[in-house]
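Just the heavy atoms: all of them, side chains too, but no hydrogens, waters or symmetry mates, feed the values below. Lettering of chains follows the sequences in order, A, B, ..., and the numbering in each one begins at 1. All figures in this text were calculated on a predicted structure; none of them were measured in a lab.
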There are 2 protein chains.
Amino acid sequence: MSDKVPTIKVIAKKLGLSASTVSRALNDHPSIGLKTKTLVKQLAKDLGYEPNQTAIFFQKRKTFTIGVVLPKLSETFFSEAISGIEDFASMNKYIVFLGQSHDDEEREKKIIESMKNHRVDGIISSISKNTTNYAHFEMLKKYDIPIVFFDCIPPIENINSVECDMVEGTIKAVSFLLKKGYRNIGLINGPHKLLASQQRLEGYRIAINKNRLKFDPNLVINTDLSTKGTHDAMAEFFSHKRTPTGIITFNDYVALDAAQFAFQRNKTIGKDISFVSYANLPINSYMAYPPLASIEQFPYDQGKRAMEMLLGILESENKSDTNKGFRIKIETELVLNSHQNSGRIFS
Amino acid sequence: MSDKVPTIKVIAKKLGLSASTVSRALNDHPSIGLKTKTLVKQLAKDLGYEPNQTAIFFQKRKTFTIGVVLPKLSETFFSEAISGIEDFASMNKYIVFLGQSHDDEEREKKIIESMKNHRVDGIISSISKNTTNYAHFEMLKKYDIPIVFFDCIPPIENINSVECDMVEGTIKAVSFLLKKGYRNIGLINGPHKLLASQQRLEGYRIAINKNRLKFDPNLVINTDLSTKGTHDAMAEFFSHKRTPTGIITFNDYVALDAAQFAFQRNKTIGKDISFVSYANLPINSYMAYPPLASIEQFPYDQGKRAMEMLLGILESENKSDTNKGFRIKIETELVLNSHQNSGRIFS
DNA sequence: AATTTTTATGCAATCGTTTGCGTAAAAGAA
DNA sequence: TTCTTTTACGCAAACGATTGCATAAAAATT
């Protein structure tokens with residue numbers, strides 16, 4: 001079919017030159033005469049010659065390809081992150097492969113395998129929440145494929161990572177609620193084994209201590225992040241004497257579900273009870289009960305930074321391999337939600 | 001560095017065989033003896049041999065790679081679609097390349113170029129809203145790279161496409177509002193030159209005619225889909241004597257902005273004025289003023305169907321090339337929003 | 001004019017794998 | 001035993017480009 005696609009050989013033959021000369025002419029090699037060079041370039045242009053990258057990749061052992069592996073693409077947080085990764089990758093002539101693990105270890109493993117087979121130059125990943133075995137990541141070393149983790153990071157030594165400082169972020173959230181006058185601060189956390197959950201809890205404890213309050217285990221509940229889990233957590237909060245009035249939630253979805261539950265229990269949101277969450281929704285301003293504030297995690301920026309880090313690693317790959325793992329912590333930011341709606345609706 | 005990675009040659013040498021025999025043994029070629037085959041396979045396993053796909057791709061001229069090009073990954077509609085594409089691609093051993101055009105023709109062109117250079121087996125694309133020249137798509141024919149368009153489709157003959165029947169969808173929307181008792185049906189449409197806008201308008205006209213109503217040009221406004229554009233449109237609606245009470249909006253964002261505007265003009269949403277939009281947000285149930293109903297476009301399904309179509313084309317590529325363009329129209333569905341919130345808030 | 005230097009090009013190997021064709025050895029048939 | 005068939009494997013080319021090394025031709029130097 002497509003033997004219309006010209007190769008270097010065709011050009012060489014038409015011009016009575018050797019393939020090597022054509023190659024060098026096209027790549028502005030100094031040892032090619034001007035006449036020949038222009039001749040070759042002209043014909044290449046006329047024929048619409050385009051180098052076959054698969055051949056070059058194969059030869060140079062470099063594909064200009066980045067693999068991105070994450071749990072779920074349709075989550076705003078991740079699609080924002082990919083957007084950052086893709087923007088920055090394409091600026092640097094890289095192209096990104098995508099794979100979603102759906103939080104399944106097996107799928108994650110297969111995707112990593114596939115990307116390794118495609119010989120990506122590097123990988124960026126937020127690991128599956130159910131991954132407990134990390135051999136598929138370790139294996140990449142054998143193929144000299146560097147990996148940068150972001151967001152959800154495995155407990156491995158000497159890895160490259162970009163992450164938000166959740167501890168710091170949670171401290172900010174607690175402090176904010178205290179300053180607003182809420183004394184009973186609750187925390188609806190995610191699954192216990194998640195690093196993200198542990199960090200939130202740590203920040204929570206630090207903030208509680210720093211403010212000379214007593215840590216009350218009844219005010220912290222781990223959930224599976226489902227709507228039902230959130231409702232159950234809220235029900236439990238309400239079943240205790242000391243009901244939290246300022247609640248920090250694992251993410252925006254939890255905050256929305258929790259607020260909905262509170263509303264149904266005739267609480268006035270923003271007054272009786274308020275929420276602070278970790279931002280992962282872009283449209284809080286349209287929400288019926290948006291959280292009072294959100295800890296912004298800058299997913300786009302995280303993706304961009306991860307890509308930058310990976311590019312740096314790729315470019316310095318020849319040099320001393322003393323890479324004991326690069327780590328970037330991104331400062332979170334407490335963003336007050338505008339409450340265009342709740343201002344009118346609840347007051 | 002990574003000369004640990006074993007190749008077929010290494011295996012051949014260690015076993016005193018030829019590379020071709022090893023290759024055939026690994027691929028279960030019938031002309032290889034059982035002993036040899038098991039021997040080879042065992043050593044391959046011990047050495048952790050993995051074929052170098054870049055070499056195979058190069059040789060077989062097949063990369064098991066699909067390019068996906070769309071305007072903006074962080075839009076829910078697209079991330080859902082990609083999710084569908086990726087799920088289905090990975091089930092079939094394909095891996096997807098991603099590129100976002102940001103609705104810029106130049107970027108779209110570059111992405112397509114890059115994907116062609118990477119020799120993707122096929123491309124799925126929703127084109128940029130600002131693309132007017134389609135040469136970069138036509139060029140793909142030369143490289144035998146089939147392309148399936150979805151969502152935003154260029155006006156080219158004989159193309160493969162998956163799309164929602166917006167005409168039908170709009171008819172449903174108008175009928176729904178009429179049935180609900182709204183007589184003045186407005187349409188906040190997108191940019192005029194967009195096919196999607198034209199289809200909405202067509203459906204609108206058909207529905208108006210079918211119901212023996214008179215088409216009123218004051219009830220249809222084209223916008224740039226920005227918040228300001230929507231507010232301007234609403235202001236214009238309100239400036240006329242005959243103000244629409246049932247409004248169809250180009251998408252959910254427009255509906256939210258429009259509802260906000262109406263609310264600020266002291267309209268009771270869901271009573272004085274109601275909205276029906278084209279769904280692209282997954283979380284209408286948490287919204288302060290969700291549209292009464294949404295025309296669901298099934299982005300995940302569209303992505304999946306596009307991928308299926310592309311796979312079909314790829315698998316039958318040898319056969320008679322009488323492909324005059326496959327076209328799938330997906331039925332839209334009018335989904336009533338649950339209004340968990342507005343029910344309580346507005347009544 | 002003879003020698004050296006520079007310039008411009010070709011040869012051939014290489015990247016890792018696949019595959020058509022040829023052939024020695026083993027097995028079967030006469 | 002001899003001839004034919006089958007079985008099991010190797011050789012070498014191919015995919016499209018790059019690159020170290022050799023070398024012919026041209027230019028510069030003496």
Side-chain angles (χ1 to χ4, degrees), chain A residues 1-41 43-44 47-65 116-119 121 142-144, chain B residues 1-41 43-44 47-65 116-119 121 142-144:
Chain A
M1 310 284 171
S2 72
D3 285 337
K4 324 150 193 177
V5 182
T7 70
I8 263 191
K9 291 181 185 176
V10 172
I11 297 180
K13 189 173 289 175
K14 290 212 183 202
L15 255 40
L17 291 170
S18 74
S20 42
T21 302
V22 173
S23 170
R24 278 188 263 251
L26 257 17
N27 291 301
D28 285 317
H29 192 280
S31 80
I32 298 297
L34 186 60
K35 311 148 257 171
T36 321
K37 192 190 286 184
T38 45
L39 219 63
V40 169
K41 285 194 172 179
L43 183 61
L47 261 50
Y49 168 78
E50 300 270 0
N52 182 333
Q53 299 283 13
T54 63
I56 299 179
F57 297 155
F58 168 49
Q59 213 262 38
K60 294 217 166 159
R61 307 162 147 274
K62 164 106 189 166
T63 59
F64 280 98
T65 283
K116 176 215 64 186
N117 287 343
H118 280 261
R119 292 293 191 273
D121 292 334
K142 181 172 158 193
Y143 291 87
D144 282 331
Chain B
M1 312 281 170
S2 69
D3 286 336
K4 322 149 193 174
V5 182
T7 68
I8 265 190
K9 291 183 184 175
V10 172
I11 296 180
K13 188 173 287 176
K14 291 211 183 202
L15 255 40
L17 291 171
S18 74
S20 42
T21 301
V22 174
S23 170
R24 279 187 263 251
L26 258 16
N27 291 301
D28 286 316
H29 192 281
S31 79
I32 299 298
L34 186 60
K35 312 147 256 171
T36 321
K37 193 190 286 187
T38 44
L39 219 64
V40 169
K41 285 195 173 180
L43 183 61
L47 261 48
Y49 167 79
E50 300 271 358
N52 182 334
Q53 299 282 15
T54 63
I56 299 177
F57 297 155
F58 168 49
Q59 214 267 75
K60 295 217 166 161
R61 306 163 146 272
K62 165 104 187 165
T63 59
F64 280 97
T65 283
K116 176 215 62 184
N117 287 343
H118 281 260
R119 291 293 190 273
D121 291 336
K142 180 173 158 192
Y143 291 87
D144 281 331

_At less than 4.0 Å, is any side-chain N or O atom of S18(B) found next to OP1 or OP2 of dG10(D)? Yes or no._
yes
*Please work out if T54(B) contacts a base, only the sugar-phosphate, or nothing of the nucleic acid, heavy-atom cut-off 4.0 Å.*
nothing
*Does N27(B) put a side-chain nitrogen or oxygen below 4.0 Å from OP1 or OP2 of dT18(C)?*
yes
*dG16(C) P sits how many Å from K62(B) NZ, rounded?*
24 Å
*Judged by atom type as modelled, is there a donor-acceptor pair below 3.5 Å linking the side chain of R119(B) to the main-chain atoms of K116(B)?*
yes
*Does the side-chain ring of F58(B) lie flat on the base of dT17(C), meaning centres under 5.5 Å and planes less than 30 degrees apart?*
no
_Using only modelled atom types and a 3.5 angstrom limit, is any donor from either the side chain of T7(A) or the base of dC15(D) paired with an acceptor on the other?_
no
*Quick one: are the ring centres of F57(A) and H118(B) less than 6.0 Å apart?*
yes
*Length of the CD1-P vector between I32(A) and dA24(D), whole Å*: 18 Å
*Steps toward side-chain contact (heavy atoms from CB on, under 4.5 Å) verdict (L15(B), V22(B))*: CA-CA 9 Å; L15(B) 255 40; V22(B) 174; 5.6 Å; no
*Quick one: is dT18(C) close enough that its OP1 or OP2 comes under 4.0 Å of any side-chain N or O from S23(B)?*
yes
*For atom CZ of F57(B) and atom P of dC15(C), their distance in whole Å*: 20 Å
*In whole angstrom, what separates Y49(B)'s OH from dT18(C)'s P?*
6 Å
*Atom CG of L39(B) and atom C1' of dC9(D): how far apart are they, to the nearest Å?*
14 Å
*OP1 or OP2 of dA8(D) under 4.0 Å from side-chain N/O of S31(B)*: no
*More 5' along DNA chain D: A55(A) or L34(B), using each one's nearest nucleotide?*
L34(B)
_In this structure, how many angstroms lie between the P atom of dC21(D) and the NE2 atom of H29(A), rounded?_
12 Å
*Which of these nucleotides, dG10(C), dT17(C), dA8(D), is closest to any side-chain atom of R24(A)?*
dG10(C)
*Would you kindly give the CD-to-C1' distance between Q59(B) and dA17(D), to the nearest whole Å?*
15 Å
*Of all the choices, dA8(C), dC9(D), dG10(D), which nucleotide is nearest to the side chain of T36(A) once you look at every atom?*
dA8(C)
*Check the distance between dA8(D)'s C1' and L17(B)'s CG and give it to me in whole angstrom.*
11 Å
*asked:* Is the shortest side-chain heavy-atom distance between L43(A) and Y49(A) below 4.5 Å?
replied: no
*Looking at side-chain heavy atoms only, is the closest gap between E50(A) and Y143(B) below 4.5 Å?*
yes
*Give one of base, sugar-phosphate or nothing for K9(B), where a contact means two heavy atoms less than 4.0 Å apart.*
base
